[in-house]
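The block underneath contains the structure these notes are about, expressed in structure tokens.
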Amino acid sequence: MEDSCYSIIVKTLRKGYGRGLPPAVDLRDGFAVPKGELFGVIGPDGAGKTTLFRLLTTLISPDEGEVTVQGLDIIKDYKQLRTIVGYMPGKFSLYPDLSVAENLNFFASVFGTDVKSNYHLIEDIYCRLEPFADRKAGNLSGGMKQKLALCCTLIHSPQVLFLDEPTTGVDPSSRREFWETLARLKKTGMTIVVSTAYMDEANRCDRVAMMKSGRFLKVDSPADIVASFDRTLVAVRSDDMFRLLQDLRSIEAVGRCYTFGDTHHAVLKAGSGASPEDIAQLLEGRYGHTGVEVTLQTATLEDCYMNIDTDADGR
């Protein structure tokens, strides 16, 4: 693809917050997001997701880097860039003492437009807020605050939309409605970049970047990431789940083990030759566990993240 086909092109990007501390973002290999893609960034707290979003939306400056968004340099063209992107931070950042309508009108005026001009972008969302137009934003429920924040982010018709963990702390019904809205926005050709801690949401993205310690460990479609998982994965239960985790980690054939819902997932080492039955016999015979269940498991996106070798590139 030519550069004109991409909304975001990161060749290198680095940002740190203090001497002696590891960089919050360290993308030496870069990445690119095609226009119209729904691109997800997944990773734990402290992975660097929020710093990355603030860099791409020009809210903070990088220590070094070569980055364009819609063909605009994030340092040289920051004033122009701010007019064509939308950013919804993870923390509610609207004015709590202004009403729903006042917040929306204010953000429209900041970008030199009005609510009527781009109402078609927010109509599906705002119809649920309209009965509360005179209510102060600070008195809204979590789901309603999220809807208002998205409306204010969209009201100037951004070309690229950045959403930083937008559904954290929101009820399941509002989460579902939110992602249905993103699917509709994507159909308009808008490029959407979203970070999330929910793996079911990550599966809705065209591609995801798995981020840890400021770096992208892998970038691909959710389906291809899962398909690339080539190790034997088993789900294990016993009557003593706390001791089971420690015992599984001491078994030579187990490469990695972690809690997954109401089971423990154990990844068997390549070439170990161990089967689920072998693991069950060890747990019962050597470790004295009762009520043992060991079953083959299909890997999920979360399993893939947990098993990425963070030292694969030697850094």
Side-chain angles (χ1 to χ4, degrees), residues 1-13 25-44 47-50 52-53 56 67-70 85-86 88 159-168 175-233 256 258 260-261 265 267 270 296-310 312-313:
M1 283 188 179
E2 297 180 357
D3 285 1
S4 60
C5 297
Y6 292 95
S7 281
I8 301 169
I9 299 176
V10 176
K11 293 185 178 178
T12 60
L13 184 60
V25 170
D26 188 12
L27 300 177
R28 305 181 192 183
D29 298 326
F31 70 99
V33 178
K35 291 181 178 179
E37 184 172 69
L38 177 50
F39 185 82
V41 182
I42 59 176
K49 303 187 299 297
T50 296
L52 174 63
F53 278 43
L56 295 177
V67 182
T68 58
V69 177
Q70 292 296 104
V85 300
M88 182 175 162
Q159 296 176 32
V160 187
L161 183 62
F162 293 91
L163 307 169
D164 189 7
E165 296 196 355
T167 59
T168 299
R175 282 178 55 201
R176 183 179 63 254
E177 289 176 358
F178 186 87
W179 278 88
E180 289 171 353
T181 298
L182 294 190
R184 289 194 293 271
L185 290 171
K186 182 179 180 297
K187 289 179 180 179
T188 69
M190 185 180 294
T191 303
I192 303 171
V193 183
V194 57
S195 67
T196 179
Y198 299 110
M199 294 300 164
D200 61 318
E201 293 183 351
N203 278 307
R204 293 173 176 256
C205 298
D206 297 317
R207 290 188 304 147
V208 296
M210 294 183 164
M211 191 174 194
K212 186 174 183 180
S213 302
R215 295 186 285 120
F216 283 178
L217 307 179
K218 194 164 192 175
V219 181
D220 210 335
S221 69
D224 286 344
I225 289 175
V226 170
S228 69
F229 191 91
D230 58 358
R231 282 161 280 183
T232 301
L233 177 70
R256 183 166 296 174
Y258 45 90
F260 195 100
H265 278 193
V267 181
L296 284 172
Q297 190 75 15
T298 300
T300 65
L301 200 57
E302 187 171 353
D303 289 306
C304 295
Y305 183 88
M306 294 292 291
N307 287 280
I308 288 179
D309 184 0
T310 57
D313 59 0

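Owing to the predicted nature of the structure, the values given are computational and were not obtained by experimental measurement.
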Could you measure the distance from the [atom1] atom of [X] to the [atom2] atom of [Y]? Nearest 0.5 Å is fine.
| X | Y | atom1 | atom2 | result |
| --- | --- | --- | --- | --- |
| Leu217 | Met210 | CG | CE | 8.5 Å |
| Leu301 | Met306 | CG | CE | 12.5 Å |
| Arg204 | Thr196 | CZ | OG1 | 10.5 Å |
| Leu161 | Lys186 | CG | NZ | 13.5 Å |
| Cys304 | Ile225 | SG | CD1 | 7.0 Å |
| Ile9 | Thr68 | CD1 | OG1 | 4.0 Å |

Do [X] and [Y] have side-chain heavy atoms sitting under 4.5 Å apart?
| X | Y | answer |
| --- | --- | --- |
| Val160 | Met190 | no |
| Leu13 | Leu52 | yes |
| Trp179 | Val194 | yes |
| Thr298 | Phe229 | no |
| Phe216 | Leu27 | yes |
| Glu165 | Tyr198 | no |
| Ser228 | Asp220 | no |

Minimum heavy-atom distance between [X] and [Y], given as atom pair plus value:
| X | Y | result |
| --- | --- | --- |
| Ala299 | Leu233 | CA-CD2, 3.7 Å |
| Pro34 | Ala32 | CD-O, 3.8 Å |
| Ser195 | Asp164 | OG-OD1, 2.7 Å |
| Cys205 | Pro222 | O-CD, 3.5 Å |

For the pair Asp26 and Arg28, find out whether any cationic side-chain nitrogen is under 4.0 Å from an anionic carboxylate oxygen.
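Result for this pair is yes, salt bridge flagged.
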
Salt-bridge test for Arg215 and Asp29: reply yes if a basic N is under 4.0 Å from a carboxylate O, no otherwise.
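Result for this pair is no, no salt bridge flagged.
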
Stepwise side-chain contact (heavy atoms from CB on, under 4.5 Å) test for Val33 and Thr191:
CA-CA 8 Å; Val33 178; Thr191 303; 3.8 Å; yes

For Val10 and Leu56, run side-chain contact (heavy atoms from CB on, under 4.5 Å): C-alpha distance rounded to whole Å, both residues' side-chain angles, the deciding distance at 0.1 Å, then the answer.
CA-CA 9 Å; Val10 176; Leu56 295 177; 4.1 Å; yes

Going through the distances and angles, do Gln70 and Lys35 end up as a side-chain contact (heavy atoms from CB on, under 4.5 Å)?
CA-CA 9 Å; Gln70 292 296 104; Lys35 291 181 178 179; 4.0 Å; yes

Hey, which of Lys49, Met199, Glu201 is the one that makes side-chain contact (heavy atoms from CB on, under 4.5 Å) with Ile42?
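The residue from Lys49, Met199, Glu201 that satisfies side-chain contact (heavy atoms from CB on, under 4.5 Å) with Ile42 turns out to be Met199.
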
Please work out which of the three classes, parallel, tilted or perpendicular, describes the rings of Phe162 and Phe53, given edges at 30° and 60°.
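Geometry flag for Phe162 against Phe53: perpendicular rings.
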
Would you call the rings of His265 and Phe260 parallel, tilted or perpendicular, where under 30° means parallel and over 60° means perpendicular?
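If you compare the ring of His265 with that of Phe260, the planes turn out parallel.
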
Go through the structure and list residues passing salt bridge (Lys or Arg N to Asp or Glu O under 4.0 Å) with Arg207, not counting sequence neighbours.
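Counting only residues at least two positions away or on another chain, Arg207 forms a salt bridge (Lys or Arg N to Asp or Glu O under 4.0 Å) with Glu37.
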
Counterpart residues, salt bridge (Lys or Arg N to Asp or Glu O under 4.0 Å), relative to Lys11 (two or more places apart)
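Result, salt bridge (Lys or Arg N to Asp or Glu O under 4.0 Å) vs Lys11: Glu66.
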
For Val208 and Phe39, run side-chain contact (heavy atoms from CB on, under 4.5 Å): C-alpha distance rounded to whole Å, both residues' side-chain angles, the deciding distance at 0.1 Å, then the answer.
CA-CA 6 Å; Val208 296; Phe39 185 82; over 6 Å; no

Cationic tip of Arg256 within the cone over Tyr258's six-membered ring, i.e. under 6.0 Å and within 45° of the normal?
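Geometry flag: not set, cation outside 6.0 Å or 45°.
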
Taking Tyr305 for the side chain and Met211 for the main chain, is one N or O donor matched with an acceptor at less than 3.5 Å?
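The answer is yes, because a donor-acceptor pair under 3.5 Å joins these two groups.
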
N/O donor-acceptor pair under 3.5 Å between Thr188 side chain and Arg184 backbone:
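Side chain of Thr188 to backbone of Arg184, a donor-acceptor pair under 3.5 Å: no, none is there.
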
Could you list the residues that satisfy side chain to side chain donor-acceptor pair (under 3.5 Å) with Asp224, not counting sequence neighbours?
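Asp224 satisfies side chain to side chain donor-acceptor pair (under 3.5 Å) with Ser221 once adjacent residues are dropped.
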
